[in-house]
Asks: 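Below is one structure. I have some questions about it.
Note: hydrogens, waters and symmetry copies are ignored here, and every other heavy atom, side chains too, is used. One-based numbering, in listed order, for ligands and for the atoms of each. Only a predicted model underlies this, so the values are computations on that prediction, with no experimental measurement involved.
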Amino acid sequence: MIRKTKLIGMLVLALALGLVLAACAESTADLDGSYSWDIALEEGDGSVQHEYAKAFADLLHEKSDGQIELNIYLYGQLGDTVDQVEMLQNGDIEFGVVTPAFTTTTVPESNLFSLHFLFPSDPGLTQQILNESEALNVDLKNIYEQNDILPLTYWTEGFQQWTGNRPLRALEDFDGFRMRVMASPILLRSYEAYGASPTALDWGELYTGLQQGLVDGQENPIFFIADEAFYEVQDYMTISEHYLYVTTTSVNPDFYYSLPEDVRQVIDEAIEEMKEVGFEIQDRLNRENLSIIEESGTEIIELTDAEREAFRAAAQEVHHFYETEYGDTAKAILDKLKQEIEAAR
Ligand code: 6CS
């Protein structure tokens with residue numbers, strides 16, 4: 001039989017253990033109310049954005065002790081990439097993974113992400129710059145916010161690579177080449193500078209466009225070329241790494257600022273943790289999917305440093321175009337970002 005003092009001792013121990021466990025669970029917010037929000041993605045099932053959104057939704061759920069639900073809408077379920085930007089601005093959806101190429105009509109300054117050979121060729125270093133840059137996280141963010149888009153974080157989905165119906169190694173190979181790009185004026189300019197005839201097309205029409213010969217080639221990260229099976233209708237892929245695909249996780253600012261502070265804190269913490277998680281997702285999916293393209297019989301071309309250098313040189317006039325075309329603020333943001341990039345190198 002357990003003696004009374006021993007029983008009291010056990011109760012005290014259980015109570016202390018309970019207190020310790022409660023302290024450990026401190027990172028779970030006890031929110032006053034429950035929330036159901038929508039996030040629109042620009043990509044489909046199993047993509048980098050989809051894996052990112054699932055991990056982000058799980059984090060929000062965990063951190064809020066089940067009180068926050070994030071509903072994921074894949075590309076096409078709500079509209080195309082440009083429609084989704086408008087929906088976010090109007091507050092029809094709370095969150096979006098928004099790639100700057102699709103915001104250039106309202107925020108011309110965001111064209112800077114389409115500049116070729118701007119960021120270092122080390123993705124980890126680039127992610128660090130994206131995390132820390134004042135030009136991006138203060139100056140550009142302010143302009144975005146004035147246009148009803150609040151980027152909470154900038155993150156990369158990996159290097160853009162070229163695919164084509166002919167090998168792409170040198171500027172001459174782009175002569176008259178009908179290149180499909182996202183709807184960003186700077187992307188169009190960049191391929192014009194290489195001598196190509198670029199066209200902006202929504203990616204939902206890209207497979208058919210390549211198949212029917214409406215366009216000759218396109219650029220995207222490896223995971224996307226594999227996911228959307230562009231390799232089936234292309235014979236060559238060039239590991240060109242001419243710029244990193246950068247996107248944002250954005251919110252509607254009115255929605256975000258109307259939330260109680262503890263709810264905003266949950267979002268901010270989840271966004272912070274997603275920086276590393278997102279980087280790992282894109283790294284893994286770009287590495288894993290390369291074999292799908294290789295095994296399809298697509299010829300893979302690696303550019304030498306000298307070959308890349310020719311494109312870097314040709315892209316410089318587009319940097320100057322950005323500086324003169326979009327006004328003093330755009331120029332100031334790019335100048336500051338270039339200084340930050342130099343310091344980080
Ligand atoms: O090329 C595009 O339009 C698409 N590419 C990626 C990697 N994500 C979404 C974007 O719309």
Asks: Could you pull out the N/O contacts under 3.5 angstrom between ligand 1 and the surrounding protein atoms?
Replies:
{"unit_1": "ligand 1", "atom_1": "1 (O)", "unit_2": "R180", "atom_2": "NH1", "d": "2.8"}
{"unit_1": "ligand 1", "atom_1": "1 (O)", "unit_2": "N220", "atom_2": "OD1", "d": "3.3"}
{"unit_1": "ligand 1", "atom_1": "1 (O)", "unit_2": "N220", "atom_2": "ND2", "d": "3.1"}
{"unit_1": "ligand 1", "atom_1": "3 (O)", "unit_2": "R180", "atom_2": "NH2", "d": "2.9"}
{"unit_1": "ligand 1", "atom_1": "5 (N)", "unit_2": "N220", "atom_2": "OD1", "d": "2.9"}
{"unit_1": "ligand 1", "atom_1": "8 (N)", "unit_2": "E43", "atom_2": "OE2", "d": "2.7"}
{"unit_1": "ligand 1", "atom_1": "8 (N)", "unit_2": "Y245", "atom_2": "OH", "d": "3.1"}

Asks: So do the side chains of F321 and I186 get within less than 4.5 Å of each other, counting heavy atoms only?
Replies: yes

Asks: Going by the rule side chain to side chain contact (heavy atoms under 4.5 Å, CB included), which residues pair with E276 if we only count those two or more places apart in sequence or in a different chain?
Replies: E280

Asks: Under the 4.5 Å side-chain heavy-atom rule for ILVMFWY, direct or indirect, which residues accompany Y236?
Replies: I301

Asks: Does Y256 have R264 sitting over its ring (NZ/CZ under 6.0 Å from centre, angle to axis within 45°)?
Replies: yes

Asks: Indicate yes or no: at least one non-hydrogen side-chain atom of L171 is less than 4.5 angstrom from one of F311.
Replies: yes

Asks: Using the side chain to side chain contact (heavy atoms under 4.5 Å, CB included) criterion, which residues pair with E219? Sequence neighbours excluded.
Replies: H116, Q160, W162, M179, V181, L187, Y191, H242, Y243

